[in-house]
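Written out below as structure tokens is the structure these notes cover.
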Amino acid sequence: MDIQKDYLCIEQYSRVMSKKVDIDLDCQEALPVYLDDVYRVVKCTANSFITSADIRFNEVKIIGKVNIHLTYYNENSVLSFADFEEDFSKSITVDNLSESAFVVSSICEKYVSYRVINQRRVDIHISAQANVNVYDKVSCPCICTCDNSKLRKESVTYANVSAVDISKIEFDEEYKLPSELPPVKRIIGYETYAFLNDIKVIKDKALIKASVNISVLYTDDNESETVYKTEYSFGISKIAEITGIGDEDILISNVKVGSVFIKAKNTTGDKLDTLNIYGEVYVNSFAVKEEKRELITDAYILNRETECSYSDMSVLTQGRHINEIKELNTDFSVSDEIKSIKELAFDISSYTYKNSKIIINGRINVVAVNSSGELVSYLSESEGEISLDNADGAFISLGVQSYDYSLGAEGKIHLRSAVFVNAYLYNERNIRVISDINAGEEKSDNPSVTVYFGKEKEDLWNIAKAFSSDTELIKKENELTSDSLDSNRIIIIPRV
């Protein structure tokens with residue numbers, strides 16, 4: 001028997017690859033001629049950031065930069081500072097991708113090591129880790145109409161990763177030192193971090209607002225060259241063009257500081273009392289689009305044997321968006337007893353969502369005076385957690401909005417931070433949909449009315465399917481209001 005059928009092909013983006021990729025750089029950095037020779041290194045840090053992530057011919061290509069900061073003493077025990085910038089790229093082969101595939105990526109530092117070769121050259125090894133997620137379109141064919149049949153429809157709201165973007169926000173700020181601080185003689189280091197404030201989405205555009213915090217170490221013009229610290233925060237924003245996003249979409253954005261340049265200048269007389277700060281911030285975003293569809297999960301053709309074919313459709317359901325500040329408390333240890341801390345920089349190096357919690361690997365970089373009176377640096381890592389709702393998985397971005405710390409005995413540091421959590425939590429569900437339906441032999445032995453002994457909680461759909469009837473007719477005939485039986489009872493099943 002030929003029956004008229006209409007088909008629908010449901011397309012959604014699915015993650016086809018998730019991989020952590022090590023990025024290692026060996027750099028040979030020579031000091032510019034205007035800088036002093038290296039006698040002893042106090043601190044060497046790196047900041048890696050991704051500038052583009054694309055897919056070409058089944059190859060994912062990650063391109064980025066790394067900024068290297070070096071604080072050191074010259075032979076006269078005078079503090080100096082040098083910074084360098086290096087490019088990096090990484091290619092990953094992924095087979096069988098369509099032209100619609102895209103990549104979502106982020107990067108964090110693992111460690112930095114260095115070796116002073118001579119007074120003018122330092123070899124630096126940088127190890128970072130990129131999180132690479134590739135999404136591609138997955139098609140699921142299904143029936144949408146079929147003559148002389150009953151179709152079981154289920155309304156499902158599910159999330160779909162729909163677009164990706166990397167935006168650069170440039171800034172140029174002028175900051176005058178507070179009156180209680182002395183003028184600058186020499187900048188000897190700085191730390192920066194940025195965090196998301198707000199995102200507003202309209203069709204094909206997103207207004208991204210973020211804040212940048214910069215902490216600068218410098219020495220004064222006295223003979224002892226005392227080390228001072230000053231901090232400055234400011235807001236940045238940009239309207240990003242993101243094709244394919246809509247007003248109701250949820251944007252998950254990771255914010256990372258890129259290149260930063262700081263120069264001291266004078267604005268009142270001959271004293272360097274103002275800092276000119278310029279640079280860039282990279283915002284790596286992807287959109288989560290919630291879609292609602294009616295899916296055909298079961299079917300039968302009236303008065304005929306029915307053969308159905310099924311397809312499996314994996315969806316992210318029961319989504320909920322979180323956009324709030326959470327408190328994170330973390331304890332760190334350093335190897336020596338610290339007399340005083342000159343600077344402490346905190347960042348989140350990596351995180352995972354597991355068992356209703358975000359497990360966070362945090363890292364501090366400390367410039368301090370040790371028990372011997374020497375200026376030294378320490379790098380320490382520790383794990384903390386933030387509790388969230390229970391879910392199978394989550395898309396998450398985190399940003400440190402503020403933090404403070406207290407110094408304990410024996411090199412213990414307790415850190416309290418306010419973390420901005422921008423997350424979309426979801427449950428994973430596999431749905432079987434009807435991909436095709438065919439009519440077999442006619443059922444000739446169906447009576448016009450059947451008396452049936454139903455069981456409690458038995459589904460009326462299954463009863464109607466077994467007897468080639470209709471659930472609404474069964475409900476009307478037996479004065480039922482629910483789609484399942486609330487007790488063991490006899491019901492009348494009319495034939496359609």
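No side-chain donor-acceptor contact under 3.5 Å links Asn254 and Asn422.
Atom NZ of Lys357 sits in a sparse spot, with 12 or fewer heavy atoms from other residues, nucleotides or ligands closer than 6.0 Å. Around atom OH of Tyr405, more than 12 heavy atoms belonging to other residues, nucleotides or ligands sit under 6.0 Å away. More than 12 heavy atoms of other residues, nucleotides or ligands lie within 6.0 Å of NZ in Lys229, so this atom counts as buried by the packing criterion. Remark: Lys153 NZ is loosely packed, at most 12 non-hydrogen atoms of other residues, nucleotides or ligands lying under 6.0 Å away.
In terms of modelled atom types and a separation under 3.5 Å, the side chain of Asp36 and the main chain of Ser80 share no donor-acceptor contact. In this structure a side-chain-to-backbone donor-acceptor pair under 3.5 Å is missing from Asn213 to Glu231. Lys256 contributes a side-chain N or O that, together with a main-chain N or O of Ser48, makes up a donor-acceptor pair within less than 3.5 Å. Put simply, the side chain of Asp165 never gets that close to the backbone of Ile242: no donor and acceptor are under 3.5 Å apart. Between the side chain of Tyr13 and the backbone N or O of Phe102 there is no donor-acceptor pair closer than 3.5 Å.
A distance of 14.5 Å separates NZ of Lys43 from OH of Tyr72, quoted to the nearest 0.5 Å. Interatomic distance, Tyr190 OH to Leu217 CG, rounded to the nearest 0.5 Å: 12.0 Å. Note that the OH atom of Tyr228 and the CG atom of Leu177 stand 11.5 Å from one another [nearest 0.5 Å]. Atom OG of Ser340 is separated from atom CG of Leu407 by 8.5 Å, given to the nearest 0.5 angstrom.
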Acceptor/donor pairs from residues 62-69 side chains to any protein atom, 3.5 angstrom cut, sequence neighbours excluded:
unit_1 : atom_1 : unit_2 : atom_2 : d
Lys65  : NZ     : Asp87  : OD1    : 2.8
Asn67  : ND2    : Gly258 : O      : 3.1

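Looking at heavy atoms from C-beta onward, Val288 lies out of side-chain contact with His321 at the 4.5 angstrom threshold.
Aromatic pair Tyr278/Phe261: centroids less than 6.0 angstrom apart.
Ring pair Tyr111/His125 is tilted by interplanar angle, where 30° to 60° counts as tilted. Aromatic ring pairs are classed by plane angle as parallel below 30°, tilted from 30° to 60° and perpendicular above 60°; the pair Phe395 and Tyr424 is parallel.
For the side-chain hydrogen bond (donor to acceptor under 3.5 Å, both in side chains) test with Tyr158, the passing option among Glu290, Gln12, Arg293, Gln318 is Arg293; the others fail.
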